[in-house]
Amino acid sequence: MSSISPNHQELLLNLAFQSIEYGLQHHHEMPVDEADYPEPLQAVRSAFVTLLRQRQLRGCIGSLTPSRPLVIEVAHNAYASAFHDFRFVNISSAELPLLTIEISVLSPQQPMQFISEDDLLRQLRPMIDGLTIEDNGRRATFLPQVWQQLPDRQTFLQHLKEKAGLPFDYWSDTLKAYHYTVEHFAAPPQGSVKAT
């Protein structure tokens with residue numbers, strides 16, 4: 001996975017901010033032409049956009065399967081995080097300058113091979129691996145940043161099961177797991193910037 005240069009990180013973070021600002025003004029997604037951006041940002045990649053206010057989650061939307069150019073993925077997910085995350089009320093104009101915007105660009109997911117829960121836990125790399133689990137029609141993922149709150153492997157997996165709507169102690173021979181890494185970067189609150 002090629003690394004994203006600091007300049008390109010800044011472009012993506014600005015794009016995410018502009019996408020939310022545009023959504024506040026126009027109440028729909030901002031059109032983006034990937035041809036206006038450097039070629040590496042036109043690559044088809046999957047990404048999550050996370051919004052934080054005073055370090056508290058305020059929205060997070062992303063995709064696990066690459067399906068569109070990275071710039072379009074980031075703009076779409078920024079808008080969706082601000083206005084379509086069902087866990088939260090929509091972002092307001094007054095909040096926009098207070099938000100920290102985080103972007104996580106994912107590596108391709110890799111299926112994990114394991115014979116038991118202990119085997120799966122042994123393979124996990126805290127602070128490095130994102131993890132997706134799926135079984136019985138349910139699926140959930142944790143980005144690697146979640147390790148900061150849940151540094152214990154077993155606790156990490158238990159909470160991921162809960163996110164998927166499964167019991168803490170759930171186990172099945174049909175459970176599938178996938179791991180991935182991310183390139184993660186963030187823009188601090190904009191301070192005096194105002195959404196007009």
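Computed over heavy atoms, backbone and side chain alike; hydrogens, waters and symmetry mates excluded. Keep in mind the model is a prediction, meaning the values are calculated, not measured. Residue numbers run from 1 in the order of the sequence given.
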Inset, instruction - Using a 4.5 Å cut-off on heavy atoms from C-beta on, say whether the side chain of His28 contacts that of Tyr22. - result: yes
Inset, instruction - Taking the side chain as every heavy atom from C-beta outward, state whether Met127 and Pro151 have any atom pair closer than 4.5 Å. - result: yes
Inset, instruction - Considering non-hydrogen atoms only, spot the tightest contact between Glu102 and Gln145 and give its length. - result: OE1-NE2, 4.3 Å
Legend entry - Residue Gln149 excluded, over 12 heavy atoms near CD under 6.0 Å: yes
Inset, instruction - Check for a donor-acceptor pair, side chain of Lys163 on one end and backbone N or O of Phe142 on the other, with a separation under 3.5 Å. - result: no
Inset, instruction - Working to the nearest 0.5 Å, report the span between CG of Leu41 and CD of Gln9. - result: 10.0 Å
Legend entry - Euclidean distance, Ser116 OG relative to Leu175 CG, rounded to 0.5 Å: 11.5 Å
Legend entry - N/O donor-acceptor pair under 3.5 Å between Asn77 side chain and Ala47 backbone: yes
Legend entry - Cluster check Tyr178, Leu120: I/L/V/M/F/W/Y, side chain < 4.5 angstrom: no
Inset, instruction - Kindly work out whether a path of hydrophobic side-chain contacts (I/L/V/M/F/W/Y, heavy atoms less than 4.5 Å apart) joins Ile20 to Phe185. - result: yes
Legend entry - Distance-only polar pair, side chains of Thr65 and Ser67, donor-acceptor under 3.5 Å: no
Legend entry - Minimum heavy-atom distance between Thr100 and Pro188, given as atom pair plus value: OG1-CA, 4.3 Å
Legend entry - Val182-Val146 co-clustered via ILVMFWY side chain contacts under 4.5 Å: no
Inset, instruction - Answer yes or no: is there a donor N or O on one side and an acceptor on the other, between the side chain of Glu117 and the main chain of Trp171, under 3.5 Å? - result: no
Inset, instruction - Report whether Leu150 and Leu131 are members of the same hydrophobic cluster (ILVMFWY, side-chain heavy atoms less than 4.5 Å apart, transitive linking). - result: yes
Legend entry - Approximate separation, where rounding is to 0.5 Å, of Leu57 CG and Leu52 CG: 6.0 Å
Inset, instruction - Kindly check if the number of other-residue, nucleotide or ligand heavy atoms within 6.0 Å of CD (Gln18) is above 12? - result: yes
Inset, instruction - Give a yes-or-no answer on whether the side chains of Tyr170 and Asn136 include a donor-acceptor pair shorter than 3.5 Å. - result: no
Inset, instruction - State whether the number of non-hydrogen atoms from other residues, nucleotides or ligands found under 6.0 Å of Arg139 atom CZ is greater than 12. - result: no
Legend entry - Any donor-acceptor N/O pair, Trp147 side chain to Asp129 backbone, under 3.5 Å: yes
Inset, instruction - Spell out, as yes or no, whether a donor-acceptor pair under 3.5 Å connects the side chain of Arg153 to the backbone of Leu124. - result: yes
Inset, instruction - Can you see which heavy atom on Phe48 is nearest to which on Leu106, and at what distance? - result: CD1-CD1, 3.8 Å
Inset, instruction - Taking the side chain as every heavy atom from C-beta outward, state whether Leu15 and Tyr37 have any pair of such atoms under 4.5 Å apart. - result: yes
Inset, instruction - Look at the side-chain heavy atoms of Ile, Leu, Val, Met, Phe, Trp and Tyr, link any pair under 4.5 Å apart, and say whether Val89 and Leu98 land in one connected group. - result: no
Inset, instruction - Would you check if the side chain of Lys161 reaches a backbone N or O of Pro167 as a donor-acceptor pair within less than 3.5 Å? - result: no
Inset, instruction - Locate the shortest heavy-atom distance separating Ala94 from Pro97; write the atom from each residue and the value. - result: O-CD, 3.4 Å
Legend entry - Rounded distance (nearest 0.5 Å) linking atom NZ of Lys176 with atom CD of Glu134: 6.0 Å
Legend entry - Interatomic spacing from CG in Leu24 to CG in Leu96 - rounded to 0.5 Å: 6.0 Å
Legend entry - Flag for Ser46-Tyr180: side-chain donor and acceptor within less than 3.5 Å: no
Inset, instruction - To the nearest 0.5 angstrom, please state how far the CG atom of Asp36 sits from the CD atom of Gln42. - result: 9.0 Å
Inset, instruction - Might you point out which heavy atoms bring Ile4 and His8 nearest each other, and give the distance in Å? - result: CG2-CB, 3.7 Å
Legend entry - Test item: Thr181 and Arg125 side chains (from C-beta on) under 4.5 Å apart, heavy atoms: yes
Inset, instruction - Measure from the side-chain N and O atoms of Ser81 to the backbone N and O of Leu51, and report whether any donor-acceptor pair falls under 3.5 Å. - result: no
Inset, instruction - Would you mind reporting whether His179 and Ile128 have side-chain heavy atoms less than 4.5 Å apart? - result: no
Legend entry - Min side-chain heavy-atom separation Ile61-His84 under 4.5 Å: no
Legend entry - Gln113 backbone acceptor or donor facing Gln123 side chain under 3.5 Å: yes
Inset, instruction - Would you mind reporting whether Leu11 and Val71 have side-chain heavy atoms less than 4.5 Å apart? - result: no
Legend entry - Donor-acceptor contact present, side-chain Asp85 to main-chain Cys60, <3.5 Å: yes
Legend entry - Asp173, CG atom: more than 12 neighbouring heavy atoms under 6.0 Å: no
Inset, instruction - Report yes if some heavy atom in the side chain of Val49 is under 4.5 Å from a heavy atom in the side chain of Tyr79; otherwise report no. - result: no
Inset, instruction - Determine the minimum heavy-atom distance between Pro144 and Gly130, stating which atoms define it. - result: CG-N, 3.4 Å
